[in-house]
Novice: 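My questions will all concern the structure given below.
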Amino acid sequence: MSIKAQKGTKDILPEEITNWQNIEKIAYDVFSKANFKEIRTPIFEDTALFERGVGDTTDIVNKEMYTFTRSDRSITLRPENTAGVVRAYLEHSFYRESPPIKFWYKGPMFRYERPQAGRQRQFHQIGVEMFGVEDASADVECIVLATEFLKGLGLNDLVVEINSLGCSVCRKEYKEQLKKAIAPFLSGLCEDCRNRYEKNPLRILDCKNETCNKLFEENHLKESVSGIKLCNDCATHYEKLKSYLNALNIKYVENTFLVRGLDYYTRTVFEIKSNNLGSQNAVCGGGRYDGLVETLGGPHTPAVGWAMGVERLNALIPKLEAPKIDYFVVSDNQVETIKLVDKLRKNGFSAEFDYTSRKFAKQLEKAAKIANYAIILGEDEIKNNYLTIKNLSDSTQKKQTFDELIIKN
RNA sequence: GCGGGCAUCGCCAAGCGGUUAAGGCCUCGGAUUGUGGUUCCGAUAUACGUGGGUUCGAAUCCCACUGUCCGCCCCA
């Protein structure tokens, strides 16, 4: 074997597929109840979609995209799916329909990064996007969807963190105040933070550098930042969000340091974290992006959404056993065997047999591993037209005709 | 882009300069010629990541490369 899976990519093998199917089924169930519809968009898009949509100051666009050229077109493997869903929303004129428009999606995403725990170059996300609702009830709907989904997966002890970044109107103000608050000790911050100071000061709040964090604490940055005022509309929106969350008994932590890395977020941002994932601990990230639809050429349309990393979710979920098949036919008569297996399958059962007619002991051994019942079809059974059904978990046996078998089950 | 760990059969894994390179699991066969999950035998004729170097001799030491894992960064 000389050709191997590419760095940062993984085969999802049959032994682990049960977990994936389970996650996808629960997603479908939870999202359907809230009337979210699944949408599937292409895996590659015009590079410009991500440059304009995700933002050309982001790391994702600057250094992590798989971009190539075909027939003079610059194509990029999607690094996330919000931009693609917005593109589809516009392309199919969903803005002409009565809001809200609610989508969910699942699928692979691609980012050129150094792989490590919880980070691959091809990874999978499940996400939701909701268009057309300005009220914080939409934000809460999305957050509830996330917590319900996680609950469905048996994950109850995750922490929801929220923050508001303000709208485009008050964001400038916010940035200026933030810069003022940071200015006195700017020289003590790390190189990245000093670069961010002009380009994107919001991200300084998100810095994980120890010395930076110490400086933040010593200078009480957290207090001074949380004192920065959002404009009236944004403040009201944020208060509403919190009151809705309280009304639904959703526990959350306000984190004024929470800033998402993508440029399109406005007002609400949130993250759901786990303590059991190493350093890539965010399981879910999302927020409101009221300006994105317009940025991509559509009418002003408020929107909210989030995405979860399926591999990260899966790392928190115990491994599920693949379900066993119903019947394994044990016989030394291949013609009768394939006829019986065919009949079983046509009646809705899963059935398998031994393709080599080995001795019964070996066939049974195989049967016990993969099936709930063995059907023994030997000379006597064939001559007298009955089947011996063996329950492989308790070793009980009984004789039945085929008709009795399919009726009883 | 920057750091650190690790690379022995399909999987796990001993070995630490001289071995026919242990063992376990899985798979296959037999004990048990129509009955498994326990036990006991046996088999599996291309395993020391790749390329250099040191040495009489290297899976074992050195260098480079590649891969992988972990951390920084970023993000889901």
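In what follows, every chain begins at residue 1, and chains take the letters A, B, ... in the order their sequences are listed.
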Novice: Ring centres under 6.0 Å, that's the criterion: do A/F123 and A/F110 meet it?
Specialist: no

Novice: Would you indicate what A/G127 reaches in the nucleic acid, counting non-hydrogen atoms under 4.0 angstrom: base, sugar-phosphate, or nothing?
Specialist: nothing

Novice: Can you find a heavy atom in the side chain of A/L90 that is under 4.5 Å from one in the side chain of A/P299?
Specialist: yes

Novice: Return the value, rounded to whole Å, for the distance between atom CD1 of A/I23 and atom C1' of B/A76.
Specialist: 13 Å

Novice: I want to check a possible cation-pi pair here: A/R111 against A/Y66, using under 6.0 Å from ring centre and within 45° of the ring axis as the test.
Specialist: no

Novice: How do A/E64 and A/G8 order along RNA chain B: which one's closest nucleotide is nearer the 5' end?
Specialist: A/G8

Novice: Whom does B/U27 pair with, Watson-Crick or G-U wobble, provided both distances fall under 3.5 Å?
Specialist: B/A43

Novice: Of A/E113, A/E311, A/E64, which is the lone residue that meets salt bridge (Lys or Arg N to Asp or Glu O under 4.0 Å) with A/R119?
Specialist: A/E113

Novice: Check for a donor-acceptor pair, side chain of A/Q125 on one end and backbone N or O of A/G127 on the other, with a separation under 3.5 Å.
Specialist: no

Novice: For a quick check of understanding: with a heavy-atom distance under 4.0 Å over all strands, which category does A/K273 fall into, base, sugar-phosphate or nothing?
Specialist: nothing

Novice: Is there a salt bridge (Lys or Arg N to Asp or Glu O under 4.0 Å) between A/E38 and A/R40? Walk through the geometry before answering.
Specialist: CA-CA 7 Å; A/E38 184 175 358; A/R40 300 187 187 190; 2.9 Å; yes

Novice: Looking across every strand, which nucleic acid part, if any, lies under 4.0 Å from A/Q280 by heavy atom: base, sugar-phosphate, or nothing?
Specialist: base

Novice: Please determine, for the side chain of A/A307, which listed nucleotide (B/U68, B/C70, B/A76) has the closest atom?
Specialist: B/A76

Novice: Both distances under 3.5 Å, Watson-Crick or G-U wobble: report the partner of B/A59, or none.
Specialist: none

Novice: Taking the six-membered ring of A/F402 as reference, does the cationic atom of A/K343 (NZ for Lys, CZ for Arg) lie under 6.0 Å from its centre and within 45° of its axis?
Specialist: yes

Novice: Between B/U35 and B/G30, how many Å separate the two P atoms, rounded to a whole number?
Specialist: 13 Å

Novice: Measuring only the C1' atom in each nucleotide, how far is B/C69 from B/G53? A whole number of Å is fine.
Specialist: 28 Å

Novice: Need one value for A/K63: base, sugar-phosphate or nothing, where a base atom within 4.0 Å counts as base even if backbone is also close, heavy atoms only.
Specialist: nothing

Novice: Can you check whether A/F36 reaches A/F103 side chain to side chain, under 4.5 Å on heavy atoms?
Specialist: no

Novice: Nearest-Å distance, CZ (A/R114) to C1' (B/U66)?
Specialist: 13 Å

Novice: Applying a 3.5 Å limit to both distances, which nucleotide forms a Watson-Crick or G-U wobble pair with B/C16?
Specialist: none

Novice: With a 3.5 angstrom cut-off on both distances, give the Watson-Crick or G-U wobble partner of B/U50, or none if there isn't one.
Specialist: B/A64

Novice: Check this one for me: any side-chain N or O of A/Q116 less than 4.0 Å away from OP1 or OP2 of B/G71?
Specialist: yes

Novice: If a protein heavy atom is under 4.0 Å from the base, mark B; if only from the sugar-phosphate, S; if neither, -; do that for nucleotides 29-38 of chain B going 5' to 3'.
Specialist: SSS--BBBB-

Novice: With sugar-phosphate meaning primed atoms plus P, OP1 and OP2, does A/A282 contact a base, only sugar-phosphate, or nothing at under 4.0 Å between heavy atoms?
Specialist: sugar-phosphate

Novice: Tell me which of A/F123 and A/Y112 sits closer to the 5' end of RNA chain B, going by the nucleotide each one is nearest to.
Specialist: A/Y112

Novice: Give me the distance, rounded to whole Å, that separates B/A59 from B/A22 when you measure between the C1' atoms they each carry.
Specialist: 14 Å

Novice: Please give the nucleotide sitting opposite B/G71 as a Watson-Crick or G-U wobble pair, both distances under 3.5 Å, or none.
Specialist: B/C2

Novice: Both distances below 3.5 Å, Watson-Crick or wobble geometry, any strand: find the nucleotide opposite B/A76.
Specialist: none

Novice: Please evaluate the base of B/G71 for a donor-acceptor partner in the side chain of A/R119 within a cut-off of under 3.5 Å?
Specialist: no

